[in-house]
Amino acid sequence: MKKIIVVLFCVIPATFLFADEGMWMLNNLTPKNREKMKELGFTISETELYDTITPSIKDAVVIFGGGCTGVTVSDKGLIFTNHHCGFDAIQSQSSLEHDYLKNGFIAQNQEDELKIPGLEVRYLKYTRNVTDILLAPVDTIVDELERLTKISELAKQLQDSISKGNEFIEAEVKPYYNNNAYYLNVYEVFKDVRMVFAPPSSVGKFGGDTDNWMWPRHTGDFSVFRVYADSANNPAEYSINNIPYMPKTYIPVSLEGYKEYDYAMTIGFPGSTDRYLSSWGVEQRIKSSNKPRIEVRGIKQDIWKEAMLESDEIRIKYASKYARSSNYWKNSIGMDRGIESLKVIERKQILEQKFTEWLDKNPEQKAIYGDALTLIKEGYTDSDEMKKALTYLMETLVYGTEIVRLSTAAMGYDIHESEENQEKYWDENIEKIYKDYDPQLDKKVLAAMMKLAKKRLPEIFLPLIYKEIDKKYKGDYDKYAEDVFEKSVVPYPDKLAEVFKNEKKVRKLDKDPAYQLAKSVREAFDAAYVSVDIFQYDIAKGERLFFAGLKAMQPEQDFYSDANFTMRLSYGNIAGYIPFNGAWYDYYTTQKGVFEKYRKDDPDFDVQEDILQLMANQDFGPYAAKDGQLNLCFISNNDITGGNSGSPMFDGKGRLIGLAFDGNWESMSGDIIYEPELQKTIGVDIRYVMFMIDKWGKCGRIVKELRMKN
């Protein structure tokens, strides 16, 4: 298993808790949690929810790919997740001849289900508290770097004892409660995952960038995959002889719908939150992370979007990359807006003042926790400018330009390896980039990124190659980019492959302009990273002590850990909300909104004629709501974040009513603070999912697999 990445996880103090706030560990629910869940309408037993011996809901929820959630809905390994979670897979199988992004994909029989190389699904086997095992040996260590290094070593030993030598078992130790606790999560890893059904993007991404992070929504954000296993029902590499996986349990699908204030619950793998981030940390997030990201990605996305609108080939190649970039670009914009409107920094400062006053009244506690806020404040304020520079460097040149990524991947190619290993490395690390790459487009991006980096980065953080470029090209970065793409072999797979056949030519790659650029960027990045990293250990220690101090200050309160991409539960109810004075948003949408938003030839709001006709006919069958309309999306006050995409949304009986796919605009500061009156989870109604599968896709075999409850 990979080494532990030390992340500053944290919790929000219970002073600010509301009953339905929090991303709770299923095996750590408090009496207050259970009482509130029942009060809201939860009716099933705790063992039906989570158990390590008998099958439970826990066994049906999966990690889908590298950053999403999915849910098992049949005894043949069928997985429902979001369209945007399956987007990479859909895009990877698309071409001008088979444009599954535009037209959708339907496997009308098992043989037509498409293998997706590299896609994995993980089932959680169990979670175990290993805090005592890891913290007892470091009890006397004062230095935070030394402490965390020792914990990392012990965690790796524990992980290796479980998963080393077995590629289908993954053991992962992660920190919780700001590094005050550690849990071991063990997963079964399934590597044969195939695509079964995907609606066209006109449904799966209806609303596009315009509606992203917005309510009301009318998006059919779902896709369907299947997990395969060997003949003994064990995880296996892809094989034509594999059979559909028989899971421990699967979730029934409810066609009953919901009413306002009905119980709603999500279970998934939320990525990360910083609910306990200090006022200084919030300021740094705004100025040194979000602001640079917004500026850089806005410029890059405009270049990409123009090219995508002009060429279907480029649209297919860049669709997934554009969606990922745009998602966090808009998230950063919304987060900054929310932080300001909710006065988050001021609220954090009030808490910090209360903590200081409590310490002053308790000398014994001050001796233990007294350095917490000083460590945090100095760590953030002293690293602000360096953090901003690091973000600009990453966004412009490290990740903003694909030529740097390609060159870095090419540098790892070893011509002395066996032919089999060379082919494997090429396919997994180089060819996968070329597949969705356009050199002429990247040339435009490189020039734009070079200009912006020069403008925003202090001289000390600029890659050294700028001195040579400025001397030779007199600041003409368009000309520099032109020369790089004319003289380098890296942007062209046939040229690079030819070089790798000749050792003499390989030795000359150091003089390739793309190699020289990538090496210089990497050196600048490493130096910037180190300059920021030295402050992280003081921050980590301060935030660890701060959280522990808050628990001591409020011993009667329940705390939940920040998200860290491990299984969490959130509970609440379905309801509308008031976004601003004088306005009211209802809790669901119907097909009527598609017609209201429809604009022919608009990439965000165009819809195929046959889908419009289906909706106009209103033959919704068993998927219609009681008023005869087709409900498309709904909102609840479940507490989610990135990683929850694809999370099943359950009713009080543990039945599937939808798939979470987004949050509303007012929730964009939700990673830092939860606002119960405004923060909403947006889900696609499972009846809309079934309507598209059955009525549009005419895929009755999927319908027959499901356990549907009327």
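- With salt bridges taken as basic N to acidic carboxylate O contacts below 4.0 Å, one links Arg226 and Glu705.
- A heavy-atom distance below 4.5 Å is not found between the side chains of Tyr50 and Leu29.
- Between the side chain of Tyr318 and the backbone N or O of Asp438 there is at least one donor-acceptor pair closer than 3.5 Å.
- For Lys330 and Asp209, the salt-bridge test fails: no basic side-chain N is under 4.0 Å from an acidic carboxylate O.
- For the residue pair Thr219 / Asp221, no side-chain donor-acceptor distance below 3.5 Å is found, with atom types taken as modelled.
- A cation-pi arrangement, defined by a distance under 6.0 Å to the six-membered ring centre and an angle within 45 degrees of its axis, is absent between Lys695 and Phe691.
- Using a cut-off of 4.0 Å between Lys/Arg side-chain N and Asp/Glu carboxylate O, Arg687 and Asp685 are scored as salt-bridged.
- Glu35 and Lys32 are not joined by a salt bridge, as no carboxylate oxygen comes within less than 4.0 angstrom of a charged side-chain nitrogen.
- Salt-bridge check for Glu113 with Lys76: failed, with every basic side-chain N at 4.0 Å or more from each acidic carboxylate O.
- Judged by distance alone, the side chain of Ser645 and the main-chain N or O of Cys68 form no donor-acceptor pair under 3.5 Å.
- A heavy-atom distance below 4.5 Å is found between the side chains of Phe87 and Ser201.
- Side-chain contact check for Arg217 versus Ile635: every heavy-atom pair is 4.5 Å or farther apart.
- Using cut-offs of 30° and 60° on the angle between ring planes, the pair Tyr585 and Phe580 is perpendicular.
- Between Arg315 and Asp312 there is a salt bridge, since at least one side-chain N of the basic residue sits less than 4.0 Å from a carboxylate O of the acidic one.
- Judged by distance alone, the side chains of Gln608 and Asp610 never bring a donor and an acceptor atom under 3.5 Å apart.
- Under a 3.5 Å cut-off, the side chain of Asp662 and the backbone N or O of Trp213 do form a donor-acceptor pair.
- The main-chain N or O of Glu48 is never found under 3.5 Å from a side-chain atom of Lys58 such that the two would form a donor-acceptor pair.
- Put simply, the side chain of Arg194 never gets that close to the backbone of Gln110: no donor and acceptor are under 3.5 Å apart.
- At a cut-off of 3.5 Å, with distance as the only test, a side-chain donor of Thr127 or Asn185 sits close to an acceptor on the other residue.
- For Phe42 and Tyr571, the ring centers are positioned 6.0 Å apart or more.
- At least one donor-acceptor pair under 3.5 Å links the side chain of Thr81 to the backbone N or O of Thr69.
- Below 30°, between 30° and 60°, or above 60°: for Phe190 and Tyr245 the angle between ring planes is between 30° and 60°, a tilted geometry.
- Between the side chain of Asp606 and the main chain of Pro603, no donor-acceptor pair closer than 3.5 Å is present.
- Ser311 and Glu313 share no donor-acceptor pair across their side chains, judged by distance under 3.5 Å alone.
- Under the 3.5 Å distance criterion, the side-chain polar atoms of Asn644 are matched with a main-chain donor or acceptor of Thr641.
- Classified by interplanar angle (parallel below 30°, tilted 30° to 60°, perpendicular above 60°), the ring pair Phe634/Tyr258 is tilted.
- Distance alone, capped at 3.5 Å, places no donor-acceptor pair between the Asp75 side chain and the Tyr250 backbone.
- In summary, Asp639 and Arg275 engage in a salt bridge, as defined by a charged side-chain N under 4.0 Å from a carboxylate O.
- Between the side chain of Gln679 and the main chain of Tyr674, no donor-acceptor pair closer than 3.5 Å is present.
- Under 3.5 Å, the side chains of Thr210 and Asp604 contain a donor-acceptor pair of N or O atoms.
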